[in-house]
Amino acid sequence: MARANDEAAAALTEYADLFALTGGDAFRVRSYQKAAKAIAGFPEDIAHADVRRVPGVGEAIAKKVEEFLSRGSFRQLDDLRARVPDGVLRLTRVPTLGPKTAMFLYQELGIDSPAALAAAISAGRLAGVKGFGPKTEANLLKGIEQMEQSARRVHIGVAMALAERIMGSLPVERIAYAGSLRRMRDTIGDVDLLTVAPPSVMEEFRRQPYVAEVIAAGDKKTSVRTTGGVQVDLRRVPAESWGAALQYFTGSKEHNVRIREIAVKKGWKLSEYGLFEGERVIAAESEEDIYHALGMQWVPPPLREGGGEVSAALKGELPELVTLEDLQGDLHTHTTLTDGIASLEDMVAAASARGYAYYAVTDHAPDLVMQRMTLEKALAQRARLSRLQLDYPNMRLLHGTELNIGPDGSVDWPLDVLDGFDVRVASVHSHFTQSREEMTRRFIAACENPGVQIIGHPTTRKIGKRGPVDADWEAVFRVAARTGTAMEIDSYPDRSDLPDDLVRLARHHGVKFSIDSDSHAIPHLAHQRFGVGIAQRAGLTTHDVINTWPLDRLLEFLKR
DNA sequence: GCCGTTTTCGGCCCGACTGTTTTCAGTCG
């Protein structure tokens, strides 16, 4: 993972936001945003490649990025940071609150953070202020509350990239992540790392450029807050206790309580140093040995949530969970034809390098007006794809589309046009606030449409930004099962959608799933691993996941 | 600030929704 890309992209995005706040030209704002997106999605590490080769990066942005790479910031960014308090930037993270409003609140009322805004609304200071009626105030308060709830936690994409960066930065014999990250939870509070290394690793860790603040510094455990605001705990463990430490620090707490009870019943003791009978070590070096010694199957980390997995493992009845290697392809991806940033040819080449048996290109359909799709463009893409197929004898290219489920449940194209696509994903992209009844009717109508095969990112949540839509999911899943409509597990980490509780519910009703990346750039193809984590936590097997199936069986299913 | 079989200037994704307004600004996807 090219981390320099992500950091440079983050700096440019921050600059774009600050530039917008200070009244900068909107087209330039867009240029910075576009360049940031392109840099984040650029397959090569820009620390070692010329950033001018990234589309959307010209001389001016290249200079900024180069300065950023050499010293962690650039002059124009420093200037704007000095002019706009950090809290004002955070104001724009409140849903429905954009740059204009944020700057107005700051300059006219001295409101310089979401917390200050909440206090001002509660104190009635916004009453009578032009543009702030009762509904706006209520919406803002709700948005701030949502933000505060999700603050301090990051989605798995951020946590995983950070963990992998840290692991790569320390020259140690052994290092691994534990905690909720290893359990592949969709949000992570702090990152737990275990290492086998000499004590000097702690000082080396504290000196790394991503460390903003040292919270605790010992020779067994060091805690820091990173520049991104995430807390990271690094623990040194003895090599002979590696498995016990991994087990202990992976959790969950509920899971570990159950495991320790079993040990105690046998007259043993389980700690982060091992499984002991008195002084005698029964197992400690490997996690598998510990579980086996306790008379149970090794439990895959995503299942370790205290939800019946321990009794299942004792009976030897854990499901054979779907794995990343089981996936034969990806059924939801984009290209530059709509909002992707890599060409059809490049995306297909990257998919082939991942060894897929099949790969679907599903650019947006016309109803999402901003994407400027037309039937002519879609058909031209189909022709391009079939020519491209000749170069990939081992991978079947599927021409698909991501339809837009309108407020009434209808989709972009009539049935005869839909029939021409191999893969039809349909997703909600607007009207998120419909009532439960309307939303339920909307999804049911989409499931009953014979032209729809897969419901994309069903709840449409964006972690830390937007909650899930409200629907009677049980009713939707019943119809999906009856009509053979698959639910997507969208692996894009800020979506992680469906969430695992709804996956369990859907599976209970007999629904099948498609674990897709929803890629808009080449590196996104690797996000499928996050979707597999959700599927594992929900107990899915290859039986449940249509894109683990061989092509023939998949196509048969998609015929409905 | 980027880009160019509309090419070195003048465009740049565009329409809809929301809450407020009494004709529209701001935000979003």
Side-chain angles (χ1 to χ4, degrees), chain A residues 8-9 11-13 15-39 51-67 74-77 80 91-106 108 121 126-143 334 336-341 363-374 377 402-408 412 427-434 438 456-457 460-462 465-467 469 490 492 494-495 518 520:
Chain A
L12 274 178
T13 304
Y15 185 62
D17 291 345
L18 290 170
F19 196 76
L21 269 174
T22 52
D25 174 60
F27 291 114
R28 283 175 62 184
V29 172
R30 197 174 296 160
S31 290
Y32 299 131
Q33 288 168 340
K34 213 174 141 190
K37 226 173 122 185
I39 289 170
V51 71
R52 286 167 186 78
R53 298 212 342 267
V54 180
V57 175
E59 195 49 37
I61 290 180
K63 284 239 168 63
K64 292 179 176 67
V65 170
E66 282 165 355
E67 186 178 343
F74 52 91
R75 183 180 53 80
Q76 297 89 337
L77 178 60
L80 287 188
L91 272 178
T92 63
R93 311 273 186 262
V94 179
T96 74
L97 204 167
K100 295 279 196 301
T101 313
M103 222 47 191
F104 172 82
L105 290 170
Y106 175 53
E108 302 302 318
I121 293 171
L126 262 62
V129 176
K130 189 163 175 287
F132 291 87
K135 279 191 175 174
T136 301
E137 291 192 353
N139 280 342
L140 289 174
L141 279 179
K142 195 176 139 212
H334 296 274
T336 47
L337 186 58
T338 54
D339 56 354
I341 60 163
D363 274 312
H364 289 285
D367 286 358
L368 215 55
V369 182
M370 63 179 286
Q371 304 291 349
R372 295 178 136 191
M373 181 57 105
T374 61
K377 286 188 189 176
E402 181 182 9
L403 301 161
N404 185 56
I405 305 178
D408 60 352
D412 307 63
S427 321
V428 164
H429 296 108
S430 65
H431 299 80
F432 304 116
T433 56
Q434 280 183 325
E438 286 173 309
H457 48 71
T460 78
R461 70 168 178 169
K462 286 269 187 86
K465 293 201 187 93
R466 181 173 72 217
V469 297
D490 189 308
Y492 209 92
D494 69 349
R495 288 194 183 270
D518 197 356
H520 289 68

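All chains are named by letter (A, B, ...) in the order of the sequence lines, taking the proteins before the strands, and each is independently numbered beginning at 1.
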For B:dC12 and B:dT6, measure between their C1' atoms and round to the nearest Å. 14 Å
Taken to the nearest whole Å, NZ/A:Lys135 to P/B:dT27 is 19 Å
Using 30° and 60° as the class boundaries, would you call the ring planes of A:His364 and A:His334 parallel, tilted or perpendicular? parallel
Does the pair A:Lys63/A:Glu59 count as a salt bridge with the N-to-O cut at 4.0 Å? yes
Presence of A:Thr136 side-chain N/O under 4.0 Å of B:dT20 phosphate oxygens OP1/OP2: yes
Show, in sequence, the C-alpha distance, side-chain angles and deciding distance for A:His429 and A:Glu402, and conclude whether the side chain to side chain donor-acceptor pair (under 3.5 Å) test is met. CA-CA 11 Å; A:His429 296 108; A:Glu402 181 182 9; 3.1 Å; yes
OP1, OP2 of B:dG19 versus side-chain N and O of A:Asn139: anything below 4.0 Å? yes
Between P of B:dG29 and CD1 of A:Ile405, the distance in whole Å: 17 Å
A:Arg28 has a side chain; which of B:dT20, B:dT18, B:dG1 sits nearest to it? B:dG1
When rounded to the nearest Å, what value does the distance between C1' atoms of B:dC17 and B:dG10 take? 31 Å
Report which part of the nucleic acid A:Asp339 touches: base, sugar-phosphate, or nothing (heavy-atom distance under 4.0 Å, all strands). nothing
Touch class at under 4.0 angstrom, heavy-atom based, for A:Leu97 against every strand present: sugar-phosphate
Can you tell me if the side-chain N/O atoms of A:Arg30 get under 4.0 Å from OP1 or OP2 in B:dC13? yes
Test log, rule salt bridge (charged side-chain N to carboxylate O under 4.0 Å, His left out), inputs A:Asp17 and A:Arg93: CA-CA 10 Å; A:Asp17 291 345; A:Arg93 311 273 186 262; 3.3 Å; yes
When you measure from the side-chain N and O atoms of A:Thr101 to the phosphate of B:dT27, is any distance below 4.0 Å, counting only OP1 and OP2? yes
Mind checking A:Lys64 for me? I need base, sugar-phosphate or nothing, with any heavy atom below 4.0 Å counting as a touch. sugar-phosphate
Any A:Arg466 side-chain N or O less than 4.0 Å from OP1/OP2 of B:dG29: yes
Describe the nucleic acid contact of A:Pro407 in one word from base, sugar-phosphate, nothing, applying a heavy-atom distance below 4.0 Å. nothing
